[in-house]
2 protein chains.
Amino acid sequence: MSKVLSDLIESLKCLPGVGPKSATRMAYYLLQRDPDGAKNLANSILNSFKHLGKCKSCNNFCETTICDLCSDSGRNNSVLCVIEMPTDLLMFEQTHSYNGLYYILMGRLSPLDGVGPKELAMNSLYERCKDENIKEVIIATNFTKEGDATSTFITELIKDLGKKISRIARGMPSGSEIEYTDTGTLAQAISERKNIN
Amino acid sequence: MSKVLSDLIESLKCLPGVGPKSATRMAYYLLQRDPDGAKNLANSILNSFKHLGKCKSCNNFCETTICDLCSDSGRNNSVLCVIEMPTDLLMFEQTHSYNGLYYILMGRLSPLDGVGPKELAMNSLYERCKDENIKEVIIATNFTKEGDATSTFITELIKDLGKKISRIARGMPSGSEIEYTDTGTLAQAISERKNIN
């Protein structure tokens, strides 16, 4: 196989979820079926690294110093929701039920992968939480081992700031049936039951 | 979301099997976790279109006029195996049981997708088969409707050249059990049974 082609296949493997088989398929597809799309992709990648930086306020990717969401005066700036990834922000926005601000960790604490408090720039989060407008910090990391550990770490980190700290609710998913719910979720749903009368 | 970022996500969707969700995940992954891999990918794509052409003999992608395989004097140039895609060539080579040459159609006849004899450059295949060294043409298109139709078309196309024309065998896969084989395959295996005494 030509060196240029094997380089292309090799470089496609950097995409998450793409192994040798998919990379080979993608390479031939781009060459044969979608040269315009491929060149466009190459330029978009180079363009992104040229123009995108991090928002000083929420840590999300943006082209300006402060992103559109953080500079939107219509948002409630007394609540800060701490999330792991930019994709989580998109999910919360799709619910149309949160109007506060965000802070994106860009990961979770995971010592085995070499991700500690320094890699997540926890100081920046601390500085952000100091903001006197912020009354409540909602921790919305994932309900995985790493996400829970990150949540505990953040709680410890910012508790001296005297803000209200909350964690999004854990329990049964909407529309779920008890019969088909895993026992871990069900156990949590019982222990975190809510008084309704 | 920033325009540059949404452009990146949009352009990732040109990859086969990548929808809006995967494209979003890939974009953030590249930006956050693998900037070097991403830049490398962009350059590999641009490089491919700059350097890769088609082999005059087998129609595969290569950097030279005639690819390494076609110019390898150790290959048996009396047999030509006609396949749909370059990935099929890789599969045949991995079997280590074919030492002839290949011709790659770069697709299959599929009128509904606008792929006719012209799009597959069937004239070039005809010209290639004219080569007096070639004694046998093995048709190894897929055993799908389109692959079978392509096989029939090629047979008609080249029959006047007086070469031996064969089709790779259809039947039960190696290691398969009758109980778990689909009826179509089983029916073919019966009708194409081989005398063994």
Side-chain angles (χ1 to χ4, degrees), chain A residues 1-18 21-55 60-64 67-69 85-87 89-90 93 104 106-107, chain B residues 1-18 21-55 60-64 67-69 85-87 89-90 93 104 106-107:
Chain A
M1 191 187 290
S2 113
K3 173 84 173 65
V4 175
L5 183 54
S6 63
D7 280 353
L8 175 60
I9 294 174
E10 198 52 43
S11 64
L12 278 162
K13 284 198 263 175
C14 81
L15 295 169
V18 176
K21 273 240 164 185
S22 312
T24 310
R25 198 165 57 98
M26 284 175 170
Y28 284 121
Y29 177 89
L30 292 178
L31 288 168
Q32 182 65 14
R33 304 265 169 217
D34 199 359
D36 291 344
K39 286 171 203 161
N40 186 23
L41 171 58
N43 292 325
S44 296
I45 293 173
L46 297 174
N47 226 6
S48 301
F49 286 98
K50 208 156 115 193
H51 296 297
L52 286 181
K54 295 274 181 75
C55 169
N60 202 353
F61 294 103
C62 70
E63 290 166 75
T64 45
C67 75
D68 291 353
L69 195 151
M85 298 299 291
T87 34
L89 186 152
L90 301 179
E93 286 300 290
I104 302 167
M106 292 292 176
Chain B
M1 191 187 291
S2 114
K3 175 84 171 61
V4 176
L5 183 54
S6 62
D7 280 352
L8 174 61
I9 293 174
E10 198 52 43
S11 63
L12 278 162
K13 283 198 262 175
C14 81
L15 295 170
V18 175
K21 273 241 164 181
S22 310
T24 311
R25 197 167 57 99
M26 284 176 169
Y28 283 122
Y29 177 89
L30 292 179
L31 288 168
Q32 182 65 16
R33 305 265 169 218
D34 199 359
D36 291 344
K39 286 170 204 161
N40 186 24
L41 171 59
N43 293 325
S44 296
I45 293 173
L46 298 174
N47 226 7
S48 301
F49 286 98
K50 210 156 112 194
H51 296 295
L52 285 182
K54 297 270 181 78
C55 170
N60 202 354
F61 295 104
C62 71
E63 291 164 74
T64 44
C67 75
D68 291 351
L69 195 149
M85 300 298 291
T87 34
L89 186 152
L90 301 179
E93 287 300 289
I104 302 168
M106 293 290 177

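Residue numbers start from 1 in every chain, and the chains themselves are labelled A, B, ... in the order their sequence lines are given, proteins ahead of strands.
Within the 4.5 angstrom heavy-atom criterion, only side-chain atoms of B/Lys21, from C-beta onward, approach chain A. Residue A/Leu90 touches chain B through its side chain alone, counting heavy-atom pairs closer than 4.5 Å. Within the 4.5 angstrom heavy-atom criterion, atoms from both the backbone and the side chain of A/Lys3 approach chain B. Looking at B/Asp68, neither its backbone nor its side chain comes within 4.5 Å of chain A, counting heavy atoms on both sides. Contact of B/Leu8 with chain A is made through backbone and side chain together, with heavy-atom distances under 4.5 Å.
Listed by first and then second residue, the salt bridge (Lys or Arg N to Asp or Glu O under 4.0 Å) pairs involving residues 28-48 of chain A amount to none (not counting sequence neighbours).
Counting heavy-atom pairs closer than 4.5 Å to chain A, the top residue among B/Leu5, B/Leu46, B/Asn40, B/Leu15 is B/Leu15. When each of A/Leu69, A/Leu31, A/Leu12, A/Ile9 is scored by its heavy-atom pairs under 4.5 Å with chain B, the top score falls to A/Leu31. Considering only heavy-atom pairs separated by less than 4.5 Å from chain A, the leading option among B/Gly37, B/Ser2, B/Ser22 is B/Ser2. Counting heavy-atom pairs closer than 4.5 Å to chain B, the top-ranked of the candidates A/Ser48, A/Gly107, A/Cys62 is A/Ser48. For chain A, the option among B/Gln32, B/Lys54, B/His51, B/Glu93 with the highest count of heavy-atom pairs below 4.5 Å is B/Gln32. In terms of heavy-atom pairs under 4.5 Å with chain B, the best-connected choice from A/Asn47, A/Asp7, A/Leu52 is A/Leu52. Of the residues considered (B/Glu10, B/Glu63, B/Arg25), B/Glu63 shows the highest number of contacts with chain A, using heavy-atom pairs under 4.5 Å.
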Go through B/Met26 and A/Val18 one step at a time and tell me if the side-chain contact (heavy atoms from CB on, under 4.5 Å) criterion holds.
-> CA-CA 10 Å; B/Met26 284 176 169; A/Val18 176; 3.8 Å; yes
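Closest approach of B/Ile45 and A/Ala38 over heavy atoms only: CG2-O, 3.3 Å. Closest heavy-atom contact between B/Phe49 and A/Leu30: CZ-O, 3.6 Å.
Rounded to the nearest 0.5 angstrom, A/Tyr29 OH and B/Cys14 SG are separated by 7.5 Å.
By the side chain to side chain contact (heavy atoms under 4.5 Å, CB included) test, A/Met85 pairs with A/Thr87, A/Asp88, A/Arg108, sequence neighbours left out.
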